[in-house]
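Working notes, beginning with the structure itself.
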Protein chains: 2
Amino acid sequence: MSVHEKMNYETKQAIKKALLTQIEEVGFQRVTVKNLALTAKINRGTFYLHYADKFEVMEDLQQELLNALQSYIEKVQPVEAFHTLQTGQLYHPFIVVIQFIKEHAKAFRIILSEQGSPTFSKKMKDVFSNHILKNLTLSQTEVLDPIFEKYLQAFITSAILGVIQEWLEGEDADLSVEEMATIHLRIVRFISNLSDL
Amino acid sequence: MSVHEKMNYETKQAIKKALLTQIEEVGFQRVTVKNLALTAKINRGTFYLHYADKFEVMEDLQQELLNALQSYIEKVQPVEAFHTLQTGQLYHPFIVVIQFIKEHAKAFRIILSEQGSPTFSKKMKDVFSNHILKNLTLSQTEVLDPIFEKYLQAFITSAILGVIQEWLEGEDADLSVEEMATIHLRIVRFISNLSDL
DNA sequence: CAGTATACTCAACACGTTGTTCAGTAAAGG
DNA sequence: CCTTTACTGAACAACGTGTTGAGTATACTG
């Protein structure tokens, strides 16, 4: 177990970068601490000064991405987003979210991929739920059946994530950030209209 | 590597069952061949007569579920399903699909879960794509933009799987098989109407 | 400038898991 | 009755793990 508290920031980053490289090569399941240290060009002993095991590195890496994602998503105001969409404009705070994902496309793709971590999808969906959906349901006049709302939530967050994953898997991101943002806003607006589902 | 070809069916089943038990206890990542053999009450050497490693067991288990799922989904005729839905009836072949998932709820839940395999979600989506969507797009008069269709496919398959996962995670499946089937048919009918997305 | 703290290296350790091998056995079937 | 089939049990080297203790290079501090 890691006892030290104050350690070099760069080394941790090198280990996280090494994890991504290794996942891409052999899949998370087959990643070893030995190869992680080798790839990060540090001593294996040094690894244990920073992390207890490869799972802890994965946790750290995921949290890093999720915290940033959340901070950008918090700035999105769904109601405003719809307004700008209906006037044919692009809503900037949402563009920023998609832009962030594109900038970290490699990391997102690897962690979300078949070789990655099954927990990450769920965590991303939770980030979506906690902001976009909260705003949506609050802005609705009628109160929905709680059970139905649960499934509606699963429906929309899964759909959004599914589209993002498809986007990330396209080698050179066949759609631009702006096109992606438009698709997502259409999806969310679409769902918000579905009183008949 | 497993060299033998003819082996006892029950032993393989015992190993697969042990895998599910072990995943539930410690997560797939921490499953060992040793504990697999222990749980299945077989000799560790016997394990290697059937599988090369735990990944091969997982593959086998997944294929077993996917093949059965596919065979049931093939019997679903989306067009007929909509017709019966519009007359307020339940479309039986679709009920059978949901019924199958419920019967194997534990296996699906564990493999889809946070402790499970990230590849399985994708494989399930593929099964959905290859049947329901093929039928849907074929029955449509207008041909869609291929890129848009790709994202539409990601959208609907992710949404369906997301709802199923939500259903499986609910301890005692808060919705009946019939209610689940209705929700899914509504989703699919809903998507098929979305010319404005 | 000497002294100390920090971050890391290096080698070694016991331990557990892996994958393979080979001799042995229990049961079923021709 | 004897062979085949499916499995057991024990042993093996090889490898990864997590920890330890001694050592080093660099930066900071009084």
Strictly under 3.5 Å: I want the nitrogen or oxygen pairs between protein and nucleotides 9-15 of chain D, one per line.
| from | atom 1 | to | atom 2 | distance (Å) |
| --- | --- | --- | --- | --- |
| D:dG9 | N7 | B:N43 | OD1 | 3.3 |
| D:dG9 | N7 | B:N43 | ND2 | 3.4 |

If you take all heavy atoms of A:L20 and A:I110, which pair is closest and at what distance? O-CD1, 3.8 Å
With no hydrogens and no angle check, just 3.5 Å: does a side-chain donor-acceptor pair link A:T32 and A:N35? yes
From the list A:D60, A:V57, A:I15, side-chain contact (heavy atoms from CB on, under 4.5 Å) partner of A:H50 resolves to A:I15
Hey, does the side chain of A:S71 reach the backbone of A:A68 with a donor-acceptor pair shorter than 3.5 angstrom? yes
Please work out which residues in residues 20-32 of chain B have a non-hydrogen atom less than 4.0 Å from an atom of DNA chain C and list them by number. B:T32
For the side chain of B:V33, counting heavy atoms from C-beta on, which of D:dT8, C:dT9, C:dG19 is nearest? C:dG19
Please confirm whether the ring centroid of B:F55 lies under 6.0 Å from the ring centroid of B:F28. yes
Residues in salt bridge (charged side-chain N to carboxylate O under 4.0 Å, His left out) contact with B:E59, at least two apart in sequence or another chain: B:K123
Spacing of B:E10 atom CD and B:K12 atom NZ [to the nearest 0.5 Å]: 13.0 Å
State whether B:Y48 places a side-chain N or O below 4.0 Å from either non-bridging phosphate oxygen (OP1 or OP2) of C:dG19. yes
Would you call the rings of A:F155 and B:F155 parallel, tilted or perpendicular, taking 30° and 60° as the class edges? perpendicular
